[in-house]
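Remarks on the structure that follows.
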Amino acid sequence: MKIFSKVLVVALCCLVGGAAWYVASAERGDITIPEPEARPFETPPPVPDSTVGVLLEVPLAELQTVVSRELASDLDGTSPVNEGALRGTLAYRVRADGTPKVSGQDGRLRIDLPIAFSLRLDGTASGLGLSLPIRTGTEGALTVTVSLAPRVDEEWNVRSDPKLSFRWRRSPQVEVLGARISIESVATEYLEGRMQDVLPRIEEALSDSLRLRERAEEVWKDLCEPRLLAESPDLRLFVEPRAIFLARPEVDGQSLRFRLSVTAGLSLRGGTPSGEPLSAPPLPPLVPSGAHLEGIFLRFPVAVSWEELSDWAQSEAAGRPMDLGDGTKVIIRKVRVFGNGDRLAAAVDVEAERQGGLLGRRASGRIYLEGRPDYDPASRVLGLREFDFDENTTSGLARAAAWLAKPLLVRRMEDSLRFPLAEKTDEAKELLRRALENLTNEEMSVSGDVYDVTVEGLFVTPQALEVVLAVSGDARMVFHVGP
C-alpha cells in the first residue's frame, strides 16, 4: 500500500510538471513582427470636372413687346421713284397694323409684323411729249417676316443671321394721267433698306432683354459660394467653376431656349470657413459647343479616415473566436487600419492556440495584412483584392508560429475588412438634393433629382482613403425672362 501511494504521488508530480512545461513551452510562441516596409504614397490624380446642364428658357410671348417696339419704330423716310414715265420722291409714314406674332419655324425664330403706311408722291409724269407735275398720295399694307437663327457670341451678345420677306396685303398704287401705276417694288426696296437698319437694334434689344451675361455672372458667383450641406459637424460643398459651353440655341413653338453646360471642380470640406470670403474668378469667354449635356454629372472626393475604418474593422472582428481547423483557434484583440503606398494595411493583434498532438501551441502578437482597395458597385461594399500577409508577417510566422499562417485566417480577416458604403452614397444623394433645392430663387427655379451615386475612384493617402463619388441626375435650371 505504501508503494502504491508513492507511485501515485510520483505520477501526480509528473502530470503537474508536464502541464507546467506545456504552458511554458506554449508561451515561447510569442510573435514579434516589424511593420510592413513603408511604401511611397502616390498623389491622387485631379478629380475629373463635374458638369451641370443649365436651361435658360424664354417664352416666345414675352418677346413680342421687344419686337414690336423695335420693328415698328423709325421706319418713316423718303425714297426716289423711277418707274416708267414716273419720276419723283416718295415720303413714307409707317405704323404698326396689328400685334406682332412670334413663333418658331424650322429651328428659327419667326417674327411676323403687320404694318401699314401712307405715302405721298411729289414728282413728274411724262407722256405724249408732255411732263406734268404730280402730287398724290396712297396707302399700303403688308406683313414683314423676320426670320432669325439666334446664337450667342463669346461676349454673350445675341446674333441672329436675319432673313427678310414681305407679303403684301394691299399693294400701293398711284393714279397718273388716268392710269394706275403700282409702286410695290419701290416700296419693298425702301422697306427692306430701312429694316436692314433696324435689325441690329433687334439683336441689341434681345441682348438687353435676355441679360445673358449678367445672369451668367450671377450664376457663376452663386456657384462659387460655399454651401452648407450638414451641421454638427459642418460640411460644405465648394464649387470651382472652370468654363461655360453653349450649344446652338433652340426654337420651338413655345420658347427660345439657351442650353448651357458649366464645368466645375467640386469638393467637400468640414469645419468653419476662416479668413476672407472666397472671391469668384472672372466669368470666362463663352465656348460654342455643338452638343449639350442634359442634367447633372458631378464628381467629388470624400475622405474616409483611417480611424473610421479601424473602428468598423474592430467592431466586426475583435473578440470573436475564429476556428481555422486542425485545432487552431484565433481571437482578434485589436485591429488598426492604415495606408501604405497604394495599399490598405491592417495591424491585427491576435491570440492563437493549436490543440492536438503531444504538445499544444500558443502564440500572441501582432501580424500585418495588406491589399488593394476595391469597390463592388452591386453590393456597394468596399473590399480588398490581392489581400494577404505582408512579407514581414510571412517570414515572421514561419519562424515563430508557422501553424498560424493559414489562408483561412486571411479570408476571415478579408471578410472583416469589407466596409459598406451604401450609407455614404445615400448621404451624398440627400446632401446633393438639398444643394439643388437651395439653388432656387425668385428668378430661377430648379427641378430634378439625384438618381445614381457610385464610386469612380479609390486612392490611399496618409490620412484617409479618398473615395471619388460620381453622381448623375436630372436637373433643370429655368429662367423666365421678361422683356
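Keep in mind that this is a model prediction, so the values were computed, not measured.
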Would you say [X] and [Y] make side-chain contact, with heavy atoms under 4.5 Å?
X	Y	result
Val81	Thr89	no
Leu382	Trp312	no
Leu384	Leu344	yes
Tyr368	Val348	no
Arg120	Thr138	no
Leu90	Val186	yes

Which residue is it: Ile183, Thr78, Val94? I am looking for the one with a side chain to side chain contact (heavy atoms under 4.5 Å, CB included) to Leu119. Ile183
Polar side chain donor-acceptor pair, Arg169 to Thr143, under 3.5 angstrom: yes
Quick one about Arg87 and Thr124 (side-chain donor to acceptor, distance below 3.5 Å, no hydrogens or angles considered), yes or no? no
Evaluate the criterion salt bridge (charged side-chain N to carboxylate O under 4.0 Å, His left out) for residue pair Arg242 and Asp49; output intermediate values, then yes/no. CA-CA 9 Å; Arg242 313 216 195 278; Asp49 284 341; 2.7 Å; yes
Rounded to the nearest 0.5 Å, what separates atom [atom1] in [X] from atom [atom2] in [Y]?
X	Y	atom1	atom2	answer
Thr393	Glu370	OG1	CD	8.5 Å
Thr145	Lys101	OG1	NZ	10.0 Å
Ser165	Arg110	OG	CZ	6.5 Å
Trp306	Leu465	CH2	CG	5.0 Å
Arg201	Met195	CZ	CE	9.5 Å
Leu469	Asp452	CG	CG	11.0 Å

Surrounding [atom1] of [X] (heavy atoms of other residues, nucleotides or ligands, distance under 6.0 Å), is the total greater than 12?
X	atom1	value
Arg93	CZ	no
Gln196	CD	yes
Arg385	CZ	yes
Glu214	CD	yes
Arg135	CZ	no
Arg418	CZ	no
Glu386	CD	yes
Glu391	CD	no

So the ring pair (Phe, Tyr, Trp, His ring centres under 6.0 Å) pairs with at least one residue in residues 185-215 (sequence neighbours excluded) are Tyr92-Tyr190
For the residue pair Arg336 and Phe338, would you count it as a cation-pi contact if the rule is NZ or CZ under 6.0 angstrom from the ring centre and within 45 degrees of the ring axis?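 So Arg336 does make the cation-pi contact.
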Can a salt bridge be assigned to the pair Arg151 and Asp161 using a cut-off of 4.0 Å between side-chain N and carboxylate O? no
Taking it one step at a time, do Asp112 and Arg167 satisfy salt bridge (charged side-chain N to carboxylate O under 4.0 Å, His left out)? CA-CA 10 Å; Asp112 292 315; Arg167 181 172 57 84; over 6 Å; no
Taking side-chain contact (heavy atoms from CB on, under 4.5 Å) as the test, write out the residues that go with Glu184, two or more places apart.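 Here the qualifying residues are Trp168, Ser171, Pro172, Ser182, Thr188.
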